[in-house]
Amino acid sequence: MAELNGMSRPTILVVEDEAPLLTLLRYNLEKQGFRVDEAADGQEALMRVAEAPPDLVLLDWMLPALSGLEVCRQLRRRPDTRDMPIIMVTARTEDQDAVRALDTGADDYIAKPFVMDALLARIRALLRRSGGVATKGTLAWHDVSMDQDAHRVTRAGRPLHLGPTEYRLLEFFLQHPGRVFSREQLLDAVWGRDIHVEPRTVDVHIRRLRKAVNAETEIDIIRTVRSAGYALDLEQH
């Protein structure tokens with residue numbers, strides 16, 4: 001990737017069938033220094049990802065032929081794209097729709113019509129969580145080890161496959177083992193204070209993190225503290 005302000009210049013794949021919005025997104029993303037690739041439907045999006053994997057996918061929910069949800073599912077099933085950052089763009093505004101998008105595998109979502117600055121902030125935040133900003137060293141606790149340089153995580157030697165948000169959540173927990181954090185504290189630490197995300201979004205990503213780090217016979221290391229939040233520790237639930 002090329003350099004952007006001393007950092008890598010990421011490529012954003014914009015999957016959108018509305019031509020005027022696609023043009024507007026390309027203009028604003030390129031103005032911010034991003035490379036932009038585009039696809040007008042779900043099948044083309046999958047083809048583009050296979051040909052040249054982007055650093056982030058901006059994915060419309062309502063697409064012809066193959067929906068954004070199905071594209072997201074297929075990307076999450078493939079080993080080479082299971083951790084690819086995905087932001088779902090949707091005209092749906094119900095909380096349940098947002099949860100559905102996240103449960104399908106999206107890392108974030110934003111509802112139409114959106115403020116361009118808010119979308120750009122979400123893109124930058126997700127790229128940071130996915131490794132856009134280098135962090136050095138190794139974090140280790142119990143049988144979990146995180147190599148921050150290689151962006152790899154293992155538990156008892158078993159590789160863990162984490163999405164960017166789950167990675168950042170675990171990284172934050174590893175930096176503060178045993179401490180209980182509320183949903184609001186986790187939102188500030190992982191998503192950032194400048195981004196509005198519903199607190200229940202944290203629950204979705206905690207479920208994903210649990211599924212990734214806990215094998216069937218292993219102790220659940222993510223503790224839920226009723227009316228308080230979550231913690232990384234071995235205390236019985």
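Residues: numbered from 1 along the sequence shown.
For residues 59-69, every residue pair satisfying the side-chain hydrogen bond (donor to acceptor under 3.5 Å, both in side chains) rule, not counting sequence neighbours, is listed here: Asp60-Lys112. For residues 114-126, the set of pairs meeting the salt bridge (Lys or Arg N to Asp or Glu O under 4.0 Å) definition, not counting sequence neighbours, comprises Asp108-Arg122.
His161 approaches Ala212 most closely through the heavy-atom pair O-CB, 3.9 Å.
Residue-environment remark: CZ (Phe114) exceeds the threshold of 12 foreign heavy atoms within 6.0 Å. Within a 6.0 Å sphere centred on CE of Met116, other residues, nucleotides and ligands contribute more than 12 heavy atoms. The number of heavy-atom neighbours closer than 6.0 Å to CZ of Arg152, taken from other residues, nucleotides and ligands shown, is 12 or below.
To the nearest 0.5 Å, atom NE2 of residue His142 and atom CD1 of residue Ile221 are 7.0 Å apart. To the nearest 0.5 angstrom, Leu63 atom CG is 10.5 Å from Gln43 atom CD. Rounding to the nearest 0.5 angstrom, the gap separating the CD1 atom in Ile12 from the CG atom in Leu56 is 4.5 Å. Rounding to the nearest 0.5 angstrom, the gap separating the CD atom in Glu166 from the CD atom in Glu171 is 13.0 Å. The CG atom of Leu209 sits 10.5 Å away from the OG1 atom of Thr165 when rounded to the nearest 0.5 Å. The CG atom of Asn214 sits 9.5 Å away from the CD1 atom of Ile219 when rounded to the nearest 0.5 Å.
Contact annotation: the side chain of Glu218 approaches that of Arg158 to within less than 4.5 Å [non-hydrogen atoms, C-beta and beyond]. Residues Leu170 and Leu162 form a side-chain contact, since some pair of their non-hydrogen atoms from C-beta on lies under 4.5 Å apart. Side chains of Val14 and Phe34 form no contact here, defined as non-hydrogen atoms less than 4.5 Å apart. Residues Pro177 and Asp233 form no side-chain contact, since every pair of their non-hydrogen atoms from C-beta on lies 4.5 Å or further apart.
Each of Tyr230, Tyr167, Trp191 was scored for a ring pair (Phe, Tyr, Trp, His ring centres under 6.0 Å) with His205, with one residue passing: Trp191.
A side-chain donor-acceptor contact under 3.5 Å links Arg210 and Thr224.
Here the side chain of Asp17 pairs no donor or acceptor atom with the backbone of Ala40 at under 3.5 angstrom. No side-chain donor-acceptor contact under 3.5 Å links Arg35 to the backbone of Pro10. The backbone N or O of Thr138 lies less than 3.5 Å from no partner atom in the side chain of Asp147, so there is not a single donor-acceptor pair. Arg155 contributes a side-chain N or O that, together with a main-chain N or O of Val213, makes up a donor-acceptor pair within less than 3.5 Å. The main-chain N or O of Leu75 is never found under 3.5 Å from a side-chain atom of Arg82 such that the two would form a donor-acceptor pair. The backbone N or O of Leu29 sits nowhere less than 3.5 Å from a side-chain atom of Gln32 that would complete a donor-acceptor pair.
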Derivation of the side chain to side chain contact (heavy atoms under 4.5 Å, CB included) call for Val99 and Arg200: CA-CA 8 Å; Val99 171; Arg200 65 187 302 180; 3.6 Å; yes

Could you walk me through whether Val115 and Leu119 pass the side chain to side chain contact (heavy atoms under 4.5 Å, CB included) test, one step at a time? CA-CA 7 Å; Val115 176; Leu119 175 62; over 6 Å; no

Could you please spell out the steps behind the side chain to side chain contact (heavy atoms under 4.5 Å, CB included) verdict for Ile206 and Ile222? CA-CA 8 Å; Ile206 289 290; Ile222 309 295; 4.1 Å; yes

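Qualifying ring pair (Phe, Tyr, Trp, His ring centres under 6.0 Å) partners for His176, counting only residues two or more places apart in sequence or in other chains: Phe172, Phe181. Partners of Arg207 under the side chain to side chain donor-acceptor pair (under 3.5 Å) rule, at least two apart in sequence or in another chain, are Asp103. Partners of Arg78 by side chain to side chain contact (heavy atoms under 4.5 Å, CB included), not counting sequence neighbours, listed by chain and number: Leu46, Gln74, Asp80, Thr81.
Other cluster members for Val180: Val225, joined by side-chain heavy-atom distances under 4.5 Å among Ile, Leu, Val, Met, Phe, Trp and Tyr.
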